[in-house]
Number of protein chains: 2
Amino acid sequence: MRQELRSLKLDQTPATVRKPGRPKGGRSGETRERILDAAEQLFADRGYDGASIRDVASAAGLQIHSIGYHFGPKEQLFDAVVARRADIMTGQRREALAEARQRAGGDAIPIVQLVRDYVSPFIQSASHGDVGWRNYAALMGRLANSPLGTEIIARHYDETAREYIAELQRALAGANPEDVVDGFSAMVAAMLGICAATGRPERLSGRRAQRPPEDSFETLVRFHTAGFLTLTIA
Amino acid sequence: MRQELRSLKLDQTPATVRKPGRPKGGRSGETRERILDAAEQLFADRGYDGASIRDVASAAGLQIHSIGYHFGPKEQLFDAVVARRADIMTGQRREALAEARQRAGGDAIPIVQLVRDYVSPFIQSASHGDVGWRNYAALMGRLANSPLGTEIIARHYDETAREYIAELQRALAGANPEDVVDGFSAMVAAMLGICAATGRPERLSGRRAQRPPEDSFETLVRFHTAGFLTLTIA
DNA sequence: TAATTAATTGTACGTATGTATAAATTATTG
DNA sequence: CAATAATTTATACATACGTACAATTAATTA
């Protein structure tokens, strides 16, 4: 790892100096959340191999072994980080899909609605949510094209993704189903790119600060809706 | 790193057992290429932090210090891996842009042509090129949303990217320039996703093998051209 | 109150890491 | 042919890594 990043201090709640022993209430959950928060930030900043268990323990204000005690080996900790918010995200998407189905009343759901409903929870969380959600969004972007990342993403996101793809294919009845999958992949890649906060869009446009993700979100919806619609034209 | 991946054997040309000493011709260049090939594959498979200098040396059939001798610290080796093919890629894109400008003769270049010319060199190399190009494409996908990756990508790709963005903005005179940058970013993200070979599209579509990148390329061009064109509509 | 369980600290182990140094060997140069 | 430069092997160093073990403390349970 590069040295400049090594000395990063996390702005956690000050590590309450804890003596060994069983805590009062069900404090275990609180500690687990602290570990997940620290791991989320470090994995997002340095990647899976770049962030060590020691880094995570130190950032959470705990000893090394506490990580293993709560989560087992490193890969399970990583999975737990992804899973925590994946469950929330997936819940929102399924809820939106159920509503859209009801509103469509048997007809196909409009493309623009499907795009909006799939992307919105992610971008809203990444832009209006706390620092944890921002870290999570950056982490998802990093994971996207790595073997371990896609394996974990598959476990937590593919089921819902397939539901949306099925609805997209229904709404684009004339289109090649594989084209629709490619379009979906492009949509997800754009979504992750917007929230990854890499600084590249700023460098390419000459902007000082990052464009508000909500603005990019509106552009994404228009852009990709148009892309999907053109797939029906033979 | 996960153990399963550790024992990977690279199908390099059998490591010619070399004695120390100055080689006959300017053999140095050949050794450098071997190192870059090995590093390219390992960085693509395991990421920057997941691939060690020892791995690279072993895969290239050399001792550890030879890597440092030729390329200096690890980050410079990484940069050299990216730079080698970035120069080729950038050359093709600039050439295509010059041709397109000449053909347009003062008028704006058609969107579909700009999309095609920017994406084509990458996807053609990744699908028709040798294993080195495929590794390079996968590596670029991994780099996309990481800090070190975007830093290096900026160094080697941003100048040409800005030229294409300027032409896109000219062709989309009525559009918000920042929307065009977002569209460009989406296009690049889709391009990288197609070539990253993560297996996700197969999982989402139920296909057995990977869809031929040329097919996805044609879809990408149609999809993103339509996306760009819709940005002019207020 | 005695036994059990949960959560933590502290330490240790074997290995892997990036980098540096020293030595060896051979082509090239003067 | 002697001197120099280039390229490699071999070894070493200090640190970092993931995981495991033992000990400690406190809440809970019977």
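Sequence lines set the chain letters: A, B, ... in the order given, protein chains first and strands last, and positions in each chain run from 1.
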Exercise for review: In whole angstrom, give the distance that lies between atom NZ of Lys74(A) and atom P of dG18(D).
Suggested key: 4 Å
Review point. Roughly, in whole Å, what's the span from CG in Asp49(B) to C1' in dA16(C)?
Key: 13 Å
Exercise for review: Determine: side-chain N/O of Ser66(B) to OP1/OP2 of dT7(D), distance under 4.0 Å, yes or no.
Suggested key: no
**Study point:** Euclidean distance, atom CD of residue Glu33(A) to atom C1' of dA7(C) [Å, nearest integer]
**Key:** 17 Å
**Study point:** Nucleotide of dA10(D), dT8(C), dG18(D) approaching Thr31(A) most closely (side-chain heavy atoms)
**Key:** dT8(C)
Practice item. Could you state the atom-to-atom distance from CD1 of Ile53(B) to P of dT15(D) in whole Å? Key: 18 Å
Practice item. Using side chain to side chain contact (heavy atoms under 4.5 Å, CB included) as the criterion, list what pairs up with Ser125(A), not counting sequence neighbours. Key: Trp133(A)
Study note, to complete from the structure: Between Tyr69(A) and Pro73(B), the residue closer to the 5' end of DNA chain C by nearest nucleotide is Tyr69(A)
Point to revise | Residue-phosphate contact under 4.0 Å: Ser52(B) side-chain N/O, dT17(C) OP1/OP2 | key: yes
**Study point:** Any residue meeting side chain to side chain contact (heavy atoms under 4.5 Å, CB included) with Ile67(A), in chain and number order, not counting sequence neighbours
**Key:** Ile35(A), Ile53(A), Val56(A), Ala57(A), Leu77(A)
Point to revise | Rounded interatomic separation in angstrom, taking CD from Glu30(A) and P from dA6(C) | key: 19 Å
Exercise for review: Could you check how far CD of Gln76(B) sits from C1' of dT19(C), rounded to whole Å?
Suggested key: 13 Å
Revision key, fill the gap. Quick note, ring-ring contact (aromatic ring centres under 6.0 Å, His included) partners involving residues 178-212 of chain A, not counting sequence neighbours, are Tyr118(A)-Phe184(A)
Practice item. Report the nucleotide, chosen from dT9(C), dT8(C), dG18(D), that has the shortest atom-to-atom distance to any side-chain atom of His70(A). Key: dT8(C)
Check your understanding: Does the Ser146(B) side chain pair with the main chain of Leu143(B), one donor and one acceptor, at a distance under 3.5 Å?
Key -> yes
Point to revise | Partner set under salt bridge (charged side-chain N to carboxylate O under 4.0 Å, His left out) for Glu95(A), not counting sequence neighbours | key: none
Check your understanding: Counting side-chain heavy atoms from CB outward, which of dC17(D), dG18(C), dA10(D) is closest to Asp55(A)?
Key -> dC17(D)
Revision key, fill the gap. Gln63(B) has its side chain closest, among dG18(C), dT8(C), dT9(D), to dT9(D)
Protein-nucleotides 12-14 of chain C N/O pairs under 3.5 Å:
none

Review point. Should the ring pair Phe122(B) and Tyr136(B) be called parallel, tilted or perpendicular, given that the plane angle runs from 0 to 90° and is split at 30 and 60?
Key: tilted
Would you give me the side-chain donor-acceptor pairs under 3.5 Å for residues 186-193 of chain A, sequence neighbours excluded?
none

Check your understanding: Can you check the His65(A) NE2 to dA6(C) C1' distance for me, whole Å?
Key -> 12 Å
Study note, to complete from the structure: Whole-Å distance, Ile67(A) CD1 to dA20(D) P, equals 15 Å
